[in-house]
**Student:** 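What follows is a single structure, and I will ask about it in a moment.
Only this structure's heavy atoms are used, side chains among them; waters, hydrogens and symmetry mates stay out. Note that the structure is a prediction, hence the values are computed from the model and not measured. Each chain gets a letter, A, B and so on, in the order the sequences are listed, and its residues count up from 1.
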Protein chains: 2
Amino acid sequence: MNDAARFAVHTATTKPWDLETAVRKYAEAGVAGISVWKEALEGHDAAKAGAMIRSAGLSAVSLVRGGFFPAALAAVRRERIRDNERLIRVASALGAPLIVLVCGADPKVRIADARAQVEAGIEVILPFAEAEGVSLAIEPLHPMYAGDRSVINTLAEANDLCERFGSPSLGVAVDVFHVWWDPALEAQIARAGRLGLIKAFHVCDWKTPVLDMLEDRGLMGEGCIDIPLIRGWVEAAGFNGFVEVEIFSRRFWAMDQDAWLRMILGALREHV
Amino acid sequence: MNDAARFAVHTATTKPWDLETAVRKYAEAGVAGISVWKEALEGHDAAKAGAMIRSAGLSAVSLVRGGFFPAALAAVRRERIRDNERLIRVASALGAPLIVLVCGADPKVRIADARAQVEAGIEVILPFAEAEGVSLAIEPLHPMYAGDRSVINTLAEANDLCERFGSPSLGVAVDVFHVWWDPALEAQIARAGRLGLIKAFHVCDWKTPVLDMLEDRGLMGEGCIDIPLIRGWVEAAGFNGFVEVEIFSRRFWAMDQDAWLRMILGALREHV
């Protein structure tokens, strides 16, 4: 892929850098978009951070991440709703048009009940997001996270949820790491396109073996995901927004981050 | 679950025991069925091993595991076919009515191509299995194994494959560890039942977090899978065969195996 105007990087990908450093380095390297990990905003005023991003010539792609709706206790679920409402205000102040939702899971809540709690949570926060002019993207997470991170595990489920709400402020985030294995992927990307739901596209790669379920993602090209094929499906479905690199990897975080950013840009050109 | 006549244990669950010890201990504990890991048969004559199992009063439930069809090189794929044919003869000699198929994956083969290679492999070995009177069960594996162990990752895909072949000797193995997250699970179990496909039912549990993708399965009751719910679906679909415990776990293998077997039997009664 050679359209650098569509390159974006998620700050968690270069976790050792603070927000200021990430903004400066991304801009110097010719990255066009930045997604901001909410932890990277700690200690920052969101409006000032947004101004810094824009003055560096970058676009704020999304604020990551809201969600985490399921919990055994109703009081905890209510607190999570308030967290999401706060995050929506932060996104608005930051000038990020999108919040990515990791919908959540609780091993003490039966999966069918947890899925209902996700839907109930979105129902509460969606009008709030609409009022603030912030969109929400349901990111289906790989089924290996169904026990403790998200009970929304296929693009079909995310599409179903969006279709039930029918709001232009609610869509999906397609991350190749989470969905590459799904035999229904091509059809569900096409469906998301027909419904106008694709709000974000994330890339990384799936190594074999995956040594850590959370922090061992691969750089594009070093794994087994056919990223150009999936990008083709996403674009055929009408998406032409940022291609966002989101790589959680202790291995790469341990590297010199300037060299790592060069590797990322090379991999975007060669393997996406 | 209190019907001990349906309790079965897979030898890999008590991996420190050799086959003779497992047979003796299972029989003493009142386990009714045994599935044999093919590695546990090494150095044994299959027919004699089968006679030993039967004379201890146990039923041989299945021989585990065939499959592993995808490979980048055609010569390797042919060798894998021969391995499966040998394994079918071993199952026949052992007196095991079933071989469980872990269909395979190769990170160097695109997933759609690998799925076609699985179908092509089954097409070759199925007549051989039919002739030997051995059934084959496609076990959909969790999507976290799509890169290197199996590209058949949902019960829907396994059912589709079986439906295309239409042979009474080809069915599915439902292992809660692999399929519990699937929002289509209830519907696909019902469909498998209508088609008469359910040939095996495996139980264990999904811990949070899973510390190792291969060897950190949980004992029933210590994780988040609603096993009684899934067992209910499987039985409503007409399955009344063995409930087979298959737990790969370094943690439990490190225990005294007599105590471990007692824990397994307790968990079968309490949490299945």
**Student:** Quick one: does any side-chain atom of A:Thr11 pair with a main-chain N or O of A:Trp37 as donor and acceptor, under 3.5 Å?
**Tutor:** yes
**Student:** Between A:Arg217 and A:Asp175, is there a salt bridge with N-O shorter than 4.0 Å?
**Tutor:** yes
**Student:** Would you give the length of the straight line joining atom CZ of B:Phe248 to atom CG of B:Asp212, rounded to the nearest 0.5 angstrom?
**Tutor:** 12.0 Å
**Student:** Name the region of A:Arg115, side chain, backbone, both or neither, that has any atom closer than 4.5 Å to a heavy atom of chain B.
**Tutor:** side chain
**Student:** Keeping the roles fixed (side chain from B:Thr208, backbone from A:Pro107), state whether a donor-acceptor pair exists under 3.5 Å.
**Tutor:** no
**Student:** For a salt bridge (charged side-chain N to carboxylate O under 4.0 Å, His left out) check, start with the C-alpha distance between A:Glu246 and A:Arg65, then their side-chain angles and the critical distance, and finish with the verdict.
**Tutor:** CA-CA 12 Å; A:Glu246 185 185 62; A:Arg65 54 203 180 168; over 6 Å; no
**Student:** Is any side-chain heavy atom of A:Glu235 less than 4.5 Å from a side-chain heavy atom of A:Asn240?
**Tutor:** no
**Student:** Under 3.5 Å, side chain of B:Thr13 to main-chain N/O of B:Ile247, donor-acceptor pair present?
**Tutor:** yes
**Student:** What parts of residues 220-233 of chain B touch chain A if we use heavy atoms and a cut-off under 4.5 Å?
**Tutor:** B:Cys224, B:Asp226, B:Leu229
**Student:** Could you have a look at A:Pro209, A:Pro183, A:Ala184, A:Ala105 and say which one has the most heavy-atom pairs with chain B under 4.5 angstrom?
**Tutor:** A:Pro183
**Student:** May I ask you to list the residues in residues 153-169 of chain B that approach chain A closer than 4.5 angstrom, counting heavy atoms only, ordered by number?
**Tutor:** B:Asn153, B:Thr154, B:Glu157
**Student:** Once rounded to the nearest 0.5 Å, what's the spacing between atom CG of B:Leu211 and atom CE of B:Met213?
**Tutor:** 12.5 Å
**Student:** Quick check: do B:Ile125 and B:Leu87 have side-chain heavy atoms less than 4.5 Å from each other?
**Tutor:** no
**Student:** Mind checking whether A:Arg250 and A:Asp216 have side chains closer than 4.5 Å, heavy atoms only?
**Tutor:** no
**Student:** Calculate, to the nearest 0.5 Å, the distance between atoms CG and CG belonging to B:Leu101 and B:Leu126 respectively.
**Tutor:** 9.5 Å
**Student:** Do B:Lys207 and B:Arg251 have side chains that approach each other closer than 4.5 Å (heavy atoms only, starting at C-beta)?
**Tutor:** yes
**Student:** Would a distance-only check, ignoring hydrogens and angles, find a side-chain to backbone donor-acceptor pair under 3.5 Å from B:Ser62 to B:Val64?
**Tutor:** no
**Student:** Got a donor-acceptor contact below 3.5 angstrom from the B:Arg80 side chain to the B:Phe68 backbone?
**Tutor:** yes
**Student:** Does any part of the side chain of B:His10, heavy atoms only, come nearer than 4.5 Å to the side chain of B:His202, both counted from C-beta?
**Tutor:** no
**Student:** Only heavy atoms, only distances under 4.5 angstrom. Which residues in residues 186-197 of chain B are near chain A?
**Tutor:** none
**Student:** Does anything in residues 138-145 of chain B get under 4.5 Å of chain A by heavy atoms, and if so which residues?
**Tutor:** B:His142, B:Pro143, B:Met144
**Student:** Working to the nearest 0.5 Å, report the span between SG of B:Cys204 and CZ of B:Phe252.
**Tutor:** 10.5 Å
**Student:** Taking side chain as C-beta onward, heavy atoms only, is A:Leu219 less than 4.5 Å from A:Ile264?
**Tutor:** yes
**Student:** Would you mind telling me which of B:Trp206, B:Trp181, B:Trp180 has the largest number of heavy-atom pairs within less than 4.5 Å of chain A?
**Tutor:** B:Trp181
**Student:** Given a strict heavy-atom distance threshold of 4.5 Å, which part of B:Asp182 is in contact with chain A: side chain, backbone, both, or neither?
**Tutor:** backbone
**Student:** In the structure I gave you, are the side-chain heavy atoms of B:Val124 and B:Phe69 within less than 4.5 Å of one another anywhere?
**Tutor:** no
